[in-house]
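Excluded from the calculations below are hydrogen atoms, water molecules and symmetry mates; all remaining heavy atoms, backbone and side chain alike, are included.
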Amino acid sequence: MFRLTLKNSGFYALFLALFIPGLFWYWNSTRTAIDATMVTVQISMMITGAFLAILNCELAEEKNKGYRFLETLPLTAREIVMSKFLPLPLYLVIFSVFSWWFFSRVGSDAGSADLAHRILAVSASACLPAGAAVYLGFFRFGFDRFYKVLVLLLVLSYLSPIVVDELLIPAGASFPSSVPDALSGRGVLVAVFFSLAAWCAMMPAAIALKKGKDERTD
């Protein structure tokens with residue numbers, strides 16, 4: 001299963017290699033302090049990269065008949081599903097560590113950097129069950145019927161900074177004052193806990209769907 005997980009991590013590594021240097025160069029050359037746009041774009045790129053990795057991974061499986069090949073190997077449905085689920089949290093941790101370091105480096109004050117860290121932690125944890133739900137959709141409906149949903153999610157995640165900046169943040173608002181007070185340390189921990197619980201709960205459901213799909217094709 002380790003080699004299969006490593007293979008499924010390839011697209012995540014690709015988008016990390018593309019996005020992290022690009023974002024570092026862009027923010028380093030255009031910003032001297034944290035603002036709402038920086039935080040929302042950072043989160044948008046993190047989520048977009050995750051969805052792009054899942055889409056490309058499943059597209060490669062579809063084009064190369066990868067799942068049929070896996071059925072010929074001594075692998076269980078549980079191992080196949082886990083190899084799909086495990087790369088996402090690793091990707092989110094790496095992206096978050098870079099973003100935390102960069103926010104700390106650019107932050108004009110400790111309060112702004114700490115708030116950006118908390119927003120990022122909530123967003124990264126929310127991406128976990130979202131990615132798991134995408135795999136549930138693929139195992140339930142198949143690639144041809146479900147990939148359009150993922151494309152729509154990609155568009156929404158890419159456009160989200162525009163929506164946040166134009167509709168949700170008052171003009172001229174400073175970064176700390178434009179963020180809800182609910183993002184306290186305890187609120188972040190609660191959000192991370194429930195996101196992890198949802199992700200863990202979705203894994204057995206995905207395994208059951210994969211087993212049922214394998215039985216129908218036998």
Side-chain angles (χ1 to χ4, degrees), residues 5-61 63 84-110 112-132 134-135 147 149-169 173-176 178-179 183 188 192 195:
T5 304
L6 196 62
K7 177 187 80 70
N8 291 330
S9 302
F11 285 110
Y12 291 97
L14 171 64
F15 291 112
L16 281 172
L18 290 174
F19 286 173
I20 287 180
L23 287 168
F24 175 81
W25 173 82
Y26 181 72
W27 295 133
N28 202 47
S29 59
T30 61
R31 294 291 195 279
T32 57
I34 296 174
D35 58 21
T37 299
M38 175 184 289
V39 177
T40 53
V41 168
Q42 197 80 8
I43 292 168
S44 171
M45 292 298 98
M46 176 181 67
I47 298 173
T48 298
F51 286 157
L52 279 171
I54 294 173
L55 178 61
N56 280 277
C57 185
E58 292 306 296
L59 180 61
E61 299 283 20
K63 290 179 65 175
K84 297 290 185 179
F85 271 56
L86 293 178
L88 177 58
L90 180 59
Y91 162 87
L92 293 172
V93 167
I94 294 173
F95 202 107
S96 296
V97 168
F98 160 74
S99 299
W100 289 338
W101 167 77
F102 190 70
F103 288 151
S104 299
R105 182 176 181 273
V106 175
S108 54
D109 59 82
S112 294
D114 179 64
L115 186 56
H117 295 163
R118 283 183 270 143
I119 296 171
L120 187 76
V122 171
S123 302
S125 61
C127 192
L128 268 180
V134 168
Y135 272 114
Y147 83 94
V149 175
L150 183 51
V151 171
L152 176 61
L153 290 174
L154 274 168
V155 174
L156 292 175
S157 66
Y158 185 76
L159 295 178
S160 60
I162 299 174
V163 176
V164 171
D165 281 349
E166 298 297 329
L167 300 180
L168 300 181
I169 298 177
S174 63
F175 169 63
S178 63
V179 178
L183 287 174
V188 171
V192 171
S195 294

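Under the side chain to side chain donor-acceptor pair (under 3.5 Å) criterion, T48 pairs with S157, not counting sequence neighbours.
For the pair N8 and E61, the minimum side-chain heavy-atom distance is below 4.5 Å. Considering only heavy atoms from C-beta on, I119 stays 4.5 Å or farther from F103 through its side chain. When side chains are defined from C-beta on, L88 counts as touching L128, because their heavy atoms get closer than 4.5 Å. Y135 places a side-chain heavy atom less than 4.5 Å from the side chain of I54. M46 has its side chain out of reach of F98: every pair of non-hydrogen atoms, C-beta onward, lies at least 4.5 Å apart. K84 has its side chain within reach of C57: a pair of non-hydrogen atoms, C-beta onward, lies under 4.5 Å apart. Taking the side chain as every heavy atom from C-beta outward, R118 and V122 never approach each other to under 4.5 Å.
In this structure a side-chain-to-backbone donor-acceptor pair under 3.5 Å is missing from Y91 to S9.
Distance check, rounded to the nearest 0.5 Å: CD1 of I43 to CE of M45 gives 11.5 Å. Here the OH atom belonging to Y147 is positioned 12.5 Å from the CG atom belonging to L154, to the nearest 0.5 angstrom.
Contact record, A121 with V188: CB-CG1, 4.0 Å, taken as the closest heavy-atom pair. What you find for S125 and S195 is that their closest heavy atoms are O-CB, 3.0 Å.
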Check residues 10-19 and write down every donor-acceptor pair under 3.5 Å in which the side-chain atom is one partner and the other belongs to a residue at least two apart or another chain.
none

Next on the checklist: Determine whether E58 and L150 satisfy the following criterion, side-chain contact (heavy atoms from CB on, under 4.5 Å), listing intermediate values before the conclusion.
Outcome noted: CA-CA 11 Å; E58 292 306 296; L150 183 51; over 6 Å; no
